[in-house]
A.B. asks: 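Dropping the structure in here first, questions after.
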Amino acid sequence: MKETFQAVDRRFLEGQGTSNPTCGSCALLCLLEGGSLYSAIVGDSRAILVRRGEKGVVTGIPLTIDQNTSHDGECAKVVARSGDPEAIRYNESEVMRGMRREAIKRVGGTLMVTRALGDGYLKDKAYSMWPFNRSLPYITGKPKVSRVEIDIAKDAFVVVASDGIWEHMTNDQVAVEVMRHADCEAEKASSAAVPAKGAKGDKAKGKEKEGKGTKDNIATGLVDEVVRIAARKQCMPVAELRSMRPGGARRGYLDDLTVVIVPLPLIAASKKRAAGGAGGGVEEERSVKRKTG
């Protein structure tokens, strides 16, 4: 996984480094192999396990750490990597405009994340410029890889999401919200699959069909909740926030949101059927994804 990330980073820089050296991206990859779940990350997207423990208590178990300037360990690595004791600093233009109180310390005064794909100006002199080229590299495309063992009896979902989600909700809040929507959708699907009294033929099949594919609502529900929270913080109607064009001013209220939700029991059942030779094939492992610009 580390080699793959670094190979992608090299290709990214070769393709965009010279023409767009400040272009970059976070990246997060989760791989389930047997009973082990591996996570590889650069940046501050985040992955959690949704676990239903004793007495039905739902918690969000972190699989990654946020690699940005809010993490002291990551900041120390930037300083050591670059040799610049002032590597984590305020943006000079913000300070000159009297915004120091509101300003956030960044890598080189410009970037929040401490690892990323791309952003060659903070990595390599071939893509850098003054004053950053005096102390390189500040950041790296080498991911942090971790592993946890999955307990199918307790672990229900893996949630992978961009930082826009985590700016407004904690791990546990996301886990509870995901499980709440999952339970609701399971009830709807169960009700829809049971024909109403007197229902026959196509009508009964139609009700059963309506109950399929409802897991899309889990990711949708989570994104909708984040939008509602962001709107409440700004004392504005949800419709007004939704009507704002992506990027620009809207990012001051709500960052881009990308969510992938993977149901672990579905994967376990798929692997079990595949191992048993059911149908001679392997059922596709599906994830639920919702993105808003």
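As a basis for the values below, the full set of heavy atoms in this structure was taken, side chains included, without hydrogen atoms, waters or symmetry mates.
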A.B. asks: What closest approach, in Å, do Pro21 and Met129 show between heavy atoms, and which atom pair accounts for it?
C.D. replies: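 It is CG-CE, 4.1 Å.
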A.B. asks: Mind checking whether Val113 and Val145 sit in one hydrophobic cluster, side chains of I, L, V, M, F, W, Y counted as touching below 4.5 Å?
C.D. replies: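 Val113 does not cluster with Val145.
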A.B. asks: Given 3.5 Å as the limit, does a donor-acceptor pair link the side chain of Asp84 with the main chain of Val79, or not?
C.D. replies: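 The answer is no, because no donor-acceptor pair under 3.5 Å joins these two groups.
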A.B. asks: At their closest point, which heavy atom of Ser39 faces which heavy atom of Thr64, and how far apart are they?
C.D. replies: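 Shortest heavy-atom contact: CB-CG2, 4.0 Å.
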A.B. asks: Nearest 0.5 angstrom please: His181 NE2 to Ile261 CD1, how far?
C.D. replies: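 His181 atom NE2 to Ile261 atom CD1 measures 9.0 Å (nearest 0.5 Å).
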A.B. asks: State the OG1-NZ distance between Thr114 and Lys77, to the nearest 0.5 angstrom.
C.D. replies: 8.0 Å
A.B. asks: Can you see which heavy atom on Met169 is nearest to which on Gln173, and at what distance?
C.D. replies: CA-OE1, 3.3 Å
A.B. asks: Without swapping roles, check the side chain of Ser243 against the backbone of Glu240 for a donor-acceptor pair under 3.5 Å.
C.D. replies: yes
A.B. asks: Which side-chain N or O atoms in residues 41-50 pair as donor and acceptor under 3.5 Å with protein atoms at least two apart or in another chain?
C.D. replies:
unit_1: Asp44; atom_1: OD2; unit_2: Asn68; atom_2: ND2; d: 3.3
unit_1: Arg46; atom_1: NE; unit_2: Asp66; atom_2: OD1; d: 3.1
unit_1: Arg46; atom_1: NH1; unit_2: Asn171; atom_2: OD1; d: 2.7
unit_1: Arg46; atom_1: NH2; unit_2: Asp66; atom_2: OD2; d: 2.6

A.B. asks: Enumerate donor-acceptor pairs with a distance under 3.5 Å from any side-chain N or O in residues 153-165 to protein atoms, sequence neighbours excluded.
C.D. replies:
unit_1: Asp155; atom_1: OD1; unit_2: Arg51; atom_2: NE; d: 2.5
unit_1: Asp155; atom_1: OD1; unit_2: Arg51; atom_2: NH2; d: 3.2
unit_1: Asp155; atom_1: OD2; unit_2: Arg51; atom_2: NH2; d: 3.3
unit_1: Asp155; atom_1: OD2; unit_2: Asp151; atom_2: N; d: 2.8
unit_1: Ser162; atom_1: OG; unit_2: Asp256; atom_2: O; d: 3.2
unit_1: Ser162; atom_1: OG; unit_2: Thr258; atom_2: N; d: 3.0

A.B. asks: Out of curiosity, Arg106 CZ to Ile88 CD1, how far, rounded to the nearest 0.5 Å?
C.D. replies: 11.5 Å
A.B. asks: Look at the side chain of Ser146 and the backbone N and O of Leu63, then say whether any donor-acceptor pair between them is shorter than 3.5 Å.
C.D. replies: yes
A.B. asks: Has the side chain of Arg115 got a donor or acceptor atom that lies under 3.5 Å from a matching backbone atom of Lys142?
C.D. replies: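 Side chain of Arg115 to backbone of Lys142: a pair is present.
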A.B. asks: Residues in side-chain hydrogen bond (donor to acceptor under 3.5 Å, both in side chains) with Asp183, at least two apart?
C.D. replies: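 side-chain hydrogen bond (donor to acceptor under 3.5 Å, both in side chains) check on Asp183 returns Arg52.
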A.B. asks: Please identify which of these residues, Val178, Val226, Leu222, meets the side-chain contact (heavy atoms from CB on, under 4.5 Å) condition with Val259.
C.D. replies: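 The option that passes is Leu222.
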A.B. asks: Is it possible for you to say whether Met244 and Val238 belong to one hydrophobic cluster, with membership spreading through side-chain heavy-atom contacts below 4.5 Å?
C.D. replies: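 Same cluster: Met244 reaches Val238 through Ile, Leu, Val, Met, Phe, Trp or Tyr contacts under 4.5 Å.
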A.B. asks: For the atom pair CD1 (Ile229) and CG (Asp224), what is the distance rounded to the nearest 0.5 Å?
C.D. replies: 11.0 Å
A.B. asks: Got a second to check how far Met1's CE is from Leu29's CG, nearest 0.5 Å?
C.D. replies: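 Atom-to-atom, Met1:CE and Leu29:CG are 4.0 Å apart.
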A.B. asks: Quick check: is Met236 connected to Val223 through a chain of hydrophobic side chains (ILVMFWY, heavy atoms under 4.5 Å apart)?
C.D. replies: yes
A.B. asks: Among residues two or more places apart or on two chains, list those pairs meeting ring-ring contact (aromatic ring centres under 6.0 Å, His included) that have a residue in residues 125-147.
C.D. replies: Tyr121-Phe132
A.B. asks: In Å and rounded to the nearest 0.5 Å, what is the OG1 to CE distance from Thr59 to Met179?
C.D. replies: 9.0 Å
A.B. asks: Does Tyr38, at its OH atom, have more than 12 non-hydrogen atoms belonging to other residues, nucleotides or ligands within less than 6.0 Å?
C.D. replies: yes
A.B. asks: With a cut-off of 3.5 Å and sequence neighbours excluded, list every side-chain donor-acceptor pair involving residues 8-17.
C.D. replies:
unit_1: Asp9; atom_1: OD1; unit_2: Gly118; atom_2: N; d: 2.8
unit_1: Asp9; atom_1: OD1; unit_2: Lys123; atom_2: NZ; d: 2.8
unit_1: Asp9; atom_1: OD2; unit_2: Lys123; atom_2: NZ; d: 2.8

A.B. asks: Report yes if some heavy atom in the side chain of Ile65 is under 4.5 Å from a heavy atom in the side chain of His71; otherwise report no.
C.D. replies: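 Yes, close enough: below the 4.5 Å cut-off.
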A.B. asks: Taking atom CD as the centre, does Glu3 end up with more than 12 heavy-atom neighbours from other residues, nucleotides or ligands that are less than 6.0 angstrom away?
C.D. replies: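 12 or below, so no.
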A.B. asks: Of all heavy-atom pairs between Cys30 and Leu37, which one has the smallest distance, and what is that distance?
C.D. replies: CB-CD1, 4.2 Å
A.B. asks: So, applying side-chain contact (heavy atoms from CB on, under 4.5 Å) with Val78, which one of Thr69, Val107, Leu111, Leu122 is it?
C.D. replies: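 Going through Thr69, Val107, Leu111, Leu122 one by one, the side-chain contact (heavy atoms from CB on, under 4.5 Å) with Val78 is satisfied by Val107 alone.
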A.B. asks: For residues Leu264 and Val260: do they belong to one hydrophobic cluster (side chain heavy atoms under 4.5 Å, members Ile, Leu, Val, Met, Phe, Trp, Tyr)?
C.D. replies: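 Linked within one cluster.
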A.B. asks: So which heavy atom on Gln6 is nearest to which on Gly141, and how close?
C.D. replies: CG-O, 4.1 Å
A.B. asks: Thr18: what forms a side-chain hydrogen bond (donor to acceptor under 3.5 Å, both in side chains) with it, not counting sequence neighbours?
C.D. replies: none
A.B. asks: Using only atom types and a distance under 3.5 Å, with no angle test, would you say the side chain of Ser82 pairs donor to acceptor with the backbone of Ser135?
C.D. replies: no
A.B. asks: Which atom names give the shortest non-hydrogen contact between Leu254 and Ala230, and what distance separates them?
C.D. replies: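 Shortest heavy-atom separation between Leu254 and Ala230 comes out as CD1-CB, 3.8 Å.
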A.B. asks: Any chain of hydrophobic side-chain contacts (each under 4.5 Å) joining Leu117 to Met112?
C.D. replies: no
